[in-house]
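The block underneath contains the structure these notes are about, expressed in C-alpha cells.
So that the names make sense, note that chain A is the first sequence line, chain B the second, and so on, each numbered from 1. Note that this is a predicted model, so its numbers are computed, not measured.
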Amino acid sequence: MTAFVSPKSRITTLFVEAARAVAPDHDVAIDLERPKQASHGDFACNAAMQLGKALRRNPREVAQAMVDALPASELVEKTEIAGPGFINVFLKPAAWQGIATQVLTSGDRFGEVALGGNARIQVEFVSANPTGPLHVGHGRGAAFGASLANVLAMAGYQVHREYYVNDAGRQMDILALSTWLRYLALCGEFVPFPANAYQGAYVGAMADGIFALHQDRYRRAAAEVVADVPDAATDPEGHLDALIANARRLLGADYAYVHGYALEEQLGDCRNDLTEFGVTFDTWFSEKTLHESGLIDKAVEQLRKHGHVYEQDGALWFRSTAFGDEKDRVVRRENGIYTYFAADIAYHVNKIERGFDRLIDVWGADHHGYIPRVKGALTAAGLDADRLTVALVQFAVLYRNGQKASMSTRAGEYVTLRDLRAEVGNDAARFFYVLRKSDQHLDFDLDLAKSQSNDNPVYYIQYAHARIASVLASWGGVESDLLDADTGRLAHPQELALLRRLAEFPEAVAGAARDLAPHGIAYYLKDLAADLHGLYAACQFLVDDEELRLARLALIAATRRVLQRGLALLGVGAPDKM
RNA sequence: GCCCCCGUAGCUCAGUGGAUAGAGCAUCCCCCUCCUAAGGGGAGGGUCACACGUUCGAUUCGUGUCGGGGGCGCCA
C-alpha cells in the first residue's frame, strides 16, 4: 500500500525545482491554487510574480524561465502564462482518473496527511462543572473539540482527549449543599432553599436517591443547619457559604459522601450524555487530585522561586502583569484557599510535564481574558507557553420558529444538550455545531436542523451517501471487483469534477488541522455531495457497457469512502438508506 | 473605560495577498418511462461597512472611523 500523493503535491514538486533553477538564491513558497475558472487550468502558480520582485525582472519573463525549467511530467497536458505572470497548468485526465482506485486501495488511510509529524497533542474540551446537565453551549464545545481531535488524528498527530473535572471548588460544595437540603426536606427537616442554590429537578432526584439508599442516616436538625447563618436577602453568598460550613461541621465525615454522591451522579450523567453524542475522552482529569497531590503547592513554589509571586492584603499574588496581563492575579486567598487560577496553573504545568508537544484548550469565548494569565504563568514557571493554543468557541443561540429560545441559567431553565439531541438528533446536532467557524456566534436553527429537506445540509450529504449505497446494492458486486476497473473511461466533465474533489480531501484535512477549523470539513463534504448529485443527474451508473459501468462504480465507491471518512470526522453517521 | 468576535447577495454564511468574489435559502424559469426528485440545470441579485496606508496586486494585511454582538470578580 503506497501513500497517496495528490496531483497537486506532485505538480508542486515540479515548481519547487523550477523555482530553484530560476532563482537559486531566493526562497519562495510554492503554493498552487485551484483557479476559480476552468479556463485557467487545473492549477495556477503565482511564484513568478513573487520572484519578479525579488529578481527585479518582469514577472512574465520569470514565468517563461520557470516554464522552461519545469521538469517533464506525464501528468501535465500543457502550461500557459497568463495575466500578470500566472503559470496555469493543465493536467491530462489520467492525472485525475487514477484517484478513484487509489482511494479504494488505500483503504482506511485515505485522507491521512503527515502534518503533525506524529507529535503528541492534547485537546482539552468541554470541562464543564459537573454541577448539572450539560446545556447547548457545552454541546458546541463538545462537538467542536471532538471533531477537531479527529481531524488532528487524521493529520498525523497522536491525540489525547481530556476533560478537566472541576470537582474541588465552591460550585461543587453548593451542589452538595443543594442536594442535602432537598434530602433533609424528605426527612421532614425543612430549611428554606436558597435562591442561589441549584434549583434544577435533578437535585431533587439525587436527594431521592440518597434517601432511598440510606433513609435518614444523613438527617440533622434544621435548626442546627441554619444556626448563625447570615440573612439570605442581605448577604446571599455569605448565607450560602455559612450553610456549607454548617453542613461540613454537622455531617463530619459524611459530608464527603454527599459531595461524592452528587459528583458521581452528575459526572456520570455528563459522561453518558457525551458518549451518546459520540464524544469520548482518554482522561477525566480531577482538579481535586491537584490539591491532594500537592501539585498546586509545587507550581506556586515554582513561580515563587522565579520571583513572580508576592504577598499583599494577606493574599498571595502572581505578578501576571510582567507577562502581558492587565492586572496581577490572586493565587491564594486570604483564607488560605487556592483560587481556581492556582489550580489552573498547576494543571497546565502538569500537562506540559506529561510530555505533550502541543496543548489545545477549547474554551468558551467568555474566558478569553484568561489567556494572558495562563500563558504568563507557564512562561513564569520557565516553560514554553507557545505550546499552548487556546481555541475560543463562541456561544450558540437556539432559534425556534424564528424566535430566540430563552436561556436563563439562573433559574435552571436552560435547554440541555440532551433536549437538543432528542429534538434534532445527534447527526444534525453534531453537524450544525461545527458548521460555523468556532470563533463566530452560532445561530442554531432548530427547525432547519429537524427538517428533512434539501435545506438541511446534513441530509443533503447523507443522501449522497445513501444514493451510492443504493446503486451499489442494485449492482450487487463487491468493492474489490472494482480495483481493476479501467478508470481511463472516466471522461465526462462531471466525473472529472468529482475526481478532482476526491483528491482534495487530504488538503481539506490538512487545512482544518492547521487552522483548528473542523468546519472546513463540513464545507468540503457539502461540495463533495454536490459533485456526486451532479454526476448522478448527468450519468447513469449501471450501464450496459461493462467497462464503463465498473469505472463509474469505482468512482462512486471511492466517493462513498470519502463521505464516510469525512462524516466520521464530524461524528455524523453515513446511512445506507434514508 | 479596557479586551474579544463580527460587518461579504433580500436572509444564513463560506472564502482569501492574485485573474470575472462563492454556496444554501428566498424569487423566477426548466428537468422524473431511468440506480431514492431528500435530486439536477438555468436567470436575476454585490461599492466584500467606510477612509487612509503597505504591496506589482487588498475583500484578505495595518491604522482609524462607524455599526452589531459578547466579556470584564480574592466566582468556577
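- As a whole-Å value, the separation of A:F431 CZ from B:A14 C1' is 12 Å.
- Contact annotation for A:D576: base contact, defined as any heavy-atom pair under 4.0 Å involving a base atom.
- To the nearest angstrom, C1' of B:C25 lies 9 Å from CG of A:L448.
- The side chain of A:Y536 contributes an N or O atom lying less than 4.0 Å from OP1 or OP2 of B:A37.
- Screening A:I556, A:L553, A:L555 for a side chain to side chain contact (heavy atoms under 4.5 Å, CB included) with A:L482, the sole residue that qualifies is A:L553.
- Note on A:A464: nothing from the nucleic acid sits closer than 4.0 angstrom, heavy atoms only.
- Across every strand in view, B:C72 sits in a pair with B:G1 that passes the Watson-Crick or G-U test at under 3.5 angstrom.
- Nucleotide B:C32 forms a pair with no other nucleotide shown, judged by Watson-Crick or G-U wobble geometry with both contacts under 3.5 Å.
- The partner of B:A26 is absent, by the rule that a Watson-Crick or G-U pair needs both atom distances under 3.5 Å.
- Nucleotides B:U59 and B:A21 have their C1' atoms positioned 8 Å apart, rounded to a whole Å.
- Results of the side chain to side chain contact (heavy atoms under 4.5 Å, CB included) test with A:L295 over A:V300, A:N350, A:V349 single out A:N350 as the only residue that passes.
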N/O-N/O pairs, protein side and nucleotides 27-34 of chain B side, under 3.5 Å:
unit_1, atom_1, unit_2, atom_2, d
B:C34, O2', A:Q540, NE2, 3.3
B:C34, O2, A:Q540, OE1, 3.2

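- With a 6.0 Å cutoff to the six-membered ring centre and a 45° limit on the axis angle, A:R467 counts as a cation-pi contact of A:Y536.
- Contact annotation for A:H519: backbone-only contact, meaning every heavy-atom pair under 4.0 Å involves sugar-phosphate atoms and none involves a base.
- In this structure A:Y198 satisfies the ring pair (Phe, Tyr, Trp, His ring centres under 6.0 Å) test with no other residue, sequence neighbours excluded.
- Within the nucleic acid shown, A:F86 comes within 4.0 Å of at least one base atom, counting heavy atoms only.
- Residue side chain A:N88 reaches the base of B:A19 through a donor-acceptor N/O pair under 3.5 Å, judged by distance alone.
- Residues passing the salt bridge (Lys or Arg N to Asp or Glu O under 4.0 Å) test with A:R400 are A:E423, sequence neighbours excluded.
- Residue A:Y460 has a polar side-chain atom (N or O) positioned under 4.0 Å from OP1 or OP2 of B:G40.
- When heavy atoms are screened at a 4.0 angstrom cut-off, A:C45 is found touching no nucleic acid atom at all.
- In this structure A:K375 satisfies the side-chain hydrogen bond (donor to acceptor under 3.5 Å, both in side chains) test with no other residue, sequence neighbours excluded.
- Separation of the P atoms belonging to B:U27 and B:A51 is 34 Å when rounded to the nearest angstrom.
- Partners of A:Y347 according to the ring pair (Phe, Tyr, Trp, His ring centres under 6.0 Å) rule, which considers only residues two or more places apart in sequence or in another chain, are A:Y164, A:F285.
- Comparing B:C56, B:A38, B:C74 by their nearest atom to the side chain of A:W317 picks out B:C74.
- Remark: A:V330, A:R333, A:E334, A:Y340 in residues 330-347 of chain A come within less than 4.0 Å of RNA chain B through at least one heavy atom.
- Residue A:D313 is in base contact, counting any heavy-atom pair closer than 4.0 Å across all strands shown.
- Remark: A:F505 engages A:Y524 in a ring pair (Phe, Tyr, Trp, His ring centres under 6.0 Å) (not counting sequence neighbours).
- Rounded to a whole angstrom, the distance from the C1' atom of B:G44 to that of B:C2 is 47 Å.
- A:R436 meets the salt bridge (Lys or Arg N to Asp or Glu O under 4.0 Å) test with no other residue; sequence neighbours excluded.
- In this structure, the nucleotide among B:C13, B:C35, B:C75 sitting nearest to the side chain of A:F541 is B:C35.
- Remark: A:D235 engages no residue in a salt bridge (Lys or Arg N to Asp or Glu O under 4.0 Å) (not counting sequence neighbours).
- By the ring pair (Phe, Tyr, Trp, His ring centres under 6.0 Å) test, A:H367 is found to be paired with A:Y370, residues two or more places apart in sequence or in another chain being considered.
- When heavy atoms are screened at a 4.0 angstrom cut-off, A:D366 is found touching the sugar-phosphate backbone but no base atom.
- Between the side chain of A:D515 and the main chain of A:A517, no donor-acceptor pair closer than 3.5 Å is present.
- The nucleotide B:A19 finds no pairing partner, because no Watson-Crick or G-U wobble arrangement with both distances shorter than 3.5 Å includes it.
- Between B:C74 and B:G70, the distance separating the two C1' atoms is 25 Å to the nearest Å.
- With both ends at atom P, the span from B:C61 to B:G15 equals 12 Å, rounded to whole Å.
- Checking B:A51 for Watson-Crick or G-U wobble geometry (two distances, each under 3.5 Å) identifies B:U63 as its partner.
- Considering only side-chain N and O atoms, A:K327 lies under 4.0 angstrom from the phosphate OP1 or OP2 of B:C74.
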Taking only N/O atoms, report every protein-nucleotides 2-10 of chain B pair under 3.5 Å with atom names and distance.
unit_1, atom_1, unit_2, atom_2, d
B:C3, O2', A:H368, NE2, 3.3
B:C3, O2, A:H368, NE2, 3.4
B:C4, O4', A:H368, NE2, 3.4
B:C5, O2', A:D439, O, 2.8

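- B:C72 and B:C13 are spaced 29 Å apart, taking the C1' atom of each and rounding to whole Å.
- A:R140 is linked by a salt bridge (Lys or Arg N to Asp or Glu O under 4.0 Å) to nothing, counting only residues two or more places apart in sequence or in another chain.
- Taking the six-membered ring for Trp and thresholds of 30 and 60 degrees, A:H308 and A:F318 have ring planes more than 60 degrees apart, a perpendicular arrangement.
- With a 3.5 Å ceiling on both atom-pair distances, B:G45 lacks any Watson-Crick or G-U wobble partner.
- The side chain of A:A44 sits closest to B:A19 out of B:A19, B:C35, B:G15.
- Each of B:A37, B:C56, B:G73 was ranked by its minimum atom distance to the side chain of A:R467; first place goes to B:A37.
- Nucleotide B:C32 is shown with a syn base, its glycosidic torsion being within 90° of 0.
- Residue A:R549 places no side-chain N or O under 4.0 Å from the OP1 or OP2 atom of B:C35.
- Only the C1' atoms considered, B:C48 is 16 Å distant from B:A23, to the nearest whole Å.
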